[in-house]
Amino acid sequence: MIKSGSAHSLLHDVKNRGISAWLLAAILTGFYLVLYFTEWLAVPARMIGLESKWTLYGLLYTLAVTAGGVHVIRKYRHNRYQVIRTCVVIFVQSVFAFSIPQMLKFLHQPEYYFSYFWPLKMDYLTPSYIFSLPLPYILYSFLGSALLVPLLGALFGKRWYCSWICGCGGLANTFGEPWRHLSDKSNASWRIERVTVHAVLGASLLLTAMLFISWGAGKTNPAIVQWTAGFQSFYGLMVSSMLAGVVGVGLYPLGGTRVWCRFFCPMAALLGLVQKVGRYRIAVKENMCISCGMCSKYCEMGIDVRSYAQANESFTRASCVGCGLCAEVCPRGVLRLENVRTQAPQQAALVQIEGIRADRRLV
Amino acid sequence: MHYVMIGNGVAGITAALKIRERDRHARISVIGGESDYFFSRTALMYAFMDRMNPRDLEPYERKSYDAQRIERIRGWAAGLDANRKIVRLDDGREIAYDRLLLAGGSVPNRAPWAGLDTVRDGVVQFVSLQNLADCERLTPSTRQAVVAGGGLIGVELVECLVHHGVEVDFLVRDSWYWPVALNREEGAIVSDHIRHCGVRLHLEQEVDRVTAGADGRVSSVRTNKGVEFPCQLLGTCIGVRPAIDWLKSGAPGLALGRGIKVADDFRASLPDVWAAGDCAEFTRPDGGSLLEQIWYSAKRQGESAARAMLGDTAAYRPPLFYNSAKFFEIEYTTVGEVTRAPAGATTFFHRVPGKDASIRIVENEGAVVGVNLLGSRWNHKWFEKWIAERRSMAHVVANLHLAQFDVEFGRLALESVRAAFQSAERRAA
């Protein structure tokens, strides 16, 4: 039941796909279309002394993360995991994803974002770009993507990146807090997610391979260069602009905050594969779940956490970003994020019956 | 073979799914009067507070029932004819069964208060979807409410009303909150917290007389101490009892006590009829009766009763008692015997300084028999293990960290617990 008062009605409306939510989604989508496909935002950027629309965007993004983060810290102040995690998110966004790149530019260094890695940021393994940078940047880029990302993923799950460092995840977990419950929890959406997110991962791998081939063998084979450039601009338009920006953030008020992360992000897909064989899991306290469903409701990745909790099944799902909200909202303290050495016996041991998860989860 | 469950709550649905898991061909029907689909009663408060939609309370996707070929029949059972093997619904429909499970759950206790018969509106309970609808209908026109009953459902209703800005007078008849489960010190921690959340908690007071206004809606409540509390809503949360009224005249030959009398294989006194969940009454080895009326027991009994109906032979033995709850922000876990510990048991109690958190460990004849844990998260499985292994209190205190289940970076510091235990040991020596 909605709390009485017009402010509460509006809040409910905007958080639950009401008219105001559709309006806000239209505004956000419009903003991203303007940002990516026009130069209109260059005008206000210049007016406040910023050199480009992208700097203005970075500033707005950082402000949104900070303001939302302060709200989240207040809301979950009793939960140290949430407080520390959100502080880190704000810190990384304002320092590594905004201040340092601006400073580097000021010092005539490359505008490098130390909090982003390939394949989320395709540039950082695009040979023609990355090899134009000074050696430390090249090393950071290669070692980061090839070593740091998977290693930390194996040790702590993908959460070290997706809900502590990443800007997309950072915005979702701060500014996006009011809409986290809108993610679709159905079995059907899980099936779709597995197809789409791995398809984008495949596309990003293919593109990277083509970029290296065209960089190495392009001089003798101009056709490869041409195909690669075509594919690169298609990927840039579809994935980086449309899916990450327009759809990813524009649909916050309608589809929840992690549409991009869940259905499309190649980095999340890659880290998800690492997560499945790594140490991270959500531990379920045996026979303590009351099936209330708060965990599923507030899972931004659309994982039906309750189906595991009520079946007493500790689990690792590739999509879980480890935001920890399921454990926070559980009224019986049933769930806990853990990094353990041995994986609990999992889904593999259970009989899967097509079309129903409920059944195979029911011990 | 047609299995019919009466009751689509956790016991009935768990039994139905369990039977389907073992028997892919049986016909399975579930009769429910309250809702079309199984929902989590324990989450009613979250629907009331707009944290969830009613649909979110359903633990299984709706299409699951078709996929599992579980037929859902909406209606209230009104009669049972064991000779013809037929269940009669209140609209006259007849459902034939081969094996029947009675899993009708509980209904709220009737309040014995004077004046209640003159009240036509404004008195609510908080255990069913229909109760939720009543609460939601009445809350907008409620400025002050009285909630009577110092148990779990009471405090949940209070939390919901406070959330909606209603002033609440919370009447608890005992000298501290929830003495069935909490000792005085724990009751005080919870009471202080409830008061801190803006509730006027009145201990040792119960409703004596209820008064209705000219419109028939409740207008005030007078307590046994003669205090008058004006209110537009009165929540009666004074416990539940097995929902067996329909069986008293409608099921000739069925042995009833407080609930439906069953043997330890869930068999009721009629052939091919079983009962499980809140409404099943077992006989203890000492001759006393046993009713288990919490979520966990209903789920466990539903599962075990399904096995019994499928022909497994195993006697049901309730495991060591455990439960959990949440009072506003304070989480609670209990394992074993605490308030009902044997005479002569010794207790270690420690309240963590500066926190609404406490630990109580009860030891009898050198072995821990129960714990009460407030304000932090614990894995009850460890305590079950220690109790089963008859571990000493010293062993449990030394190993407490193993059972901690708090969020990362948020573990309760155990130094003060261990220091308090050591000084208690020294005093004892």
Side-chain angles (χ1 to χ4, degrees), chain A residues 1-5 8 11-12 15-16 76 78-85 181 185-188 283 285-294 296-298 304 306-307 309-310 322 324 327-339 351 353-363, chain B residues 10 14 17-18 20-21 38-53 56-61 63-68 132 135-136 139-140 160 163-165 294-296 299-300 303 319 322 324-326 329 331 333 376-381 405-411:
Chain A
M1 179 186 149
I2 305 168
K3 253 171 136 169
S4 66
H8 292 298
L11 202 61
H12 176 90
K15 285 165 79 171
N16 291 281
Y76 301 119
H78 49 273
N79 182 328
R80 279 193 78 210
Y81 181 73
Q82 297 308 330
V83 171
I84 293 172
R85 185 176 72 85
H181 59 283
K185 313 303 190 298
S186 70
N187 222 12
K285 222 191 263 179
E286 209 176 303
N287 289 324
M288 198 55 106
C289 174
I290 53 171
S291 299
C292 72
M294 289 284 279
S296 296
K297 172 88 176 176
Y298 288 96
D304 188 0
R306 166 167 57 186
S307 68
Q310 67 193 359
E328 156 62 28
V329 298
C330 174
R332 296 294 187 271
V334 172
L335 305 162
R336 200 177 110 91
L337 313 191
E338 287 184 351
N339 309 305
V351 187
I353 294 155
E354 186 52 38
I356 167 152
R357 253 185 308 157
D359 176 74
R360 73 186 179 86
R361 294 286 153 64
L362 206 108
V363 176
Chain B
V10 61
T14 303
L17 286 165
K18 189 76 198 170
R20 173 57 75 227
E21 196 181 297
F38 167 46
F39 74 97
S40 176
R41 194 173 302 287
T42 45
L44 274 181
M45 62 180 295
Y46 302 114
F48 195 4
M49 293 197 290
D50 195 28
R51 304 238 170 100
M52 303 181 99
N53 305 318
D56 299 327
L57 307 189
E58 292 169 12
Y60 301 111
E61 282 190 55
K63 64 183 179 194
S64 306
Y65 301 100
D66 285 343
Q68 292 293 296
L132 176 65
C135 290
E136 294 191 339
T139 299
C160 295
H163 169 85
H164 284 294
I294 58 176
W295 180 268
Y296 307 123
K299 188 171 172 181
R300 185 168 66 224
E303 207 176 306
Y322 70 93
S324 68
K326 193 175 182 186
E329 293 303 317
E331 289 178 33
T333 309
S376 63
R377 291 182 169 181
W378 302 87
N379 189 345
H380 60 296
K381 282 286 153 191
F405 211 70
D406 293 307
V407 299
E408 289 161 298
F409 313 119
R411 278 193 172 209

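Each chain gets a letter, A, B and so on, in the order its sequence line appears, and its residues count up from 1.
- There is no contact between B:Arg41 and chain A, counting heavy-atom distances below 4.5 Å.
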For this session: Check the pair B:His163, B:Phe48 against ring pair (Phe, Tyr, Trp, His ring centres under 6.0 Å), reporting the backbone distance first and the verdict last.
Result: CA-CA 9 Å; B:His163 169 85; B:Phe48 195 4; 8.4 Å; no
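- When the candidates B:Ala47, B:Ser40, B:Cys135, B:Ala43 are compared by the number of heavy-atom contacts under 4.5 Å with chain A, B:Ser40 comes out ahead.
- Listed by chain and number, the residues in a ring pair (Phe, Tyr, Trp, His ring centres under 6.0 Å) with B:Tyr296 are B:Tyr322 (sequence neighbours excluded).
- If you measure heavy-atom distances from A:Ile84 to chain B, the contacts under 4.5 Å come from the side chain alone.
- With a 4.5 angstrom heavy-atom cutoff, B:Met52 touches chain A via backbone and side-chain atoms both.
- Of the two parts of B:Asp66, neither the backbone nor the side chain holds a non-hydrogen atom closer than 4.5 Å to a non-hydrogen atom of chain A.
- Heavy-atom pairs under 4.5 Å with chain A peak, among B:Glu58, B:Glu329, B:Met45, B:Arg300, at B:Glu58.
- Heavy atoms closer than 4.5 Å to chain A are found in the side chain of B:Thr333, but not in its backbone.
- Looking at B:Phe405, both its backbone and its side chain come within 4.5 Å of chain A, counting heavy atoms on both sides.
- Applying the side chain to side chain donor-acceptor pair (under 3.5 Å) test to B:Glu331 and every residue at least two apart in sequence or in another chain returns B:Arg377.
- Interface check for chain A: of the options B:Leu132, B:Asp406, B:Leu44, the most heavy-atom pairs under 4.5 Å are formed by B:Asp406.
- The residue among B:Ser324, B:Gly165, B:Gly410 with the most heavy atom pairs within less than 4.5 Å of chain A is B:Ser324.
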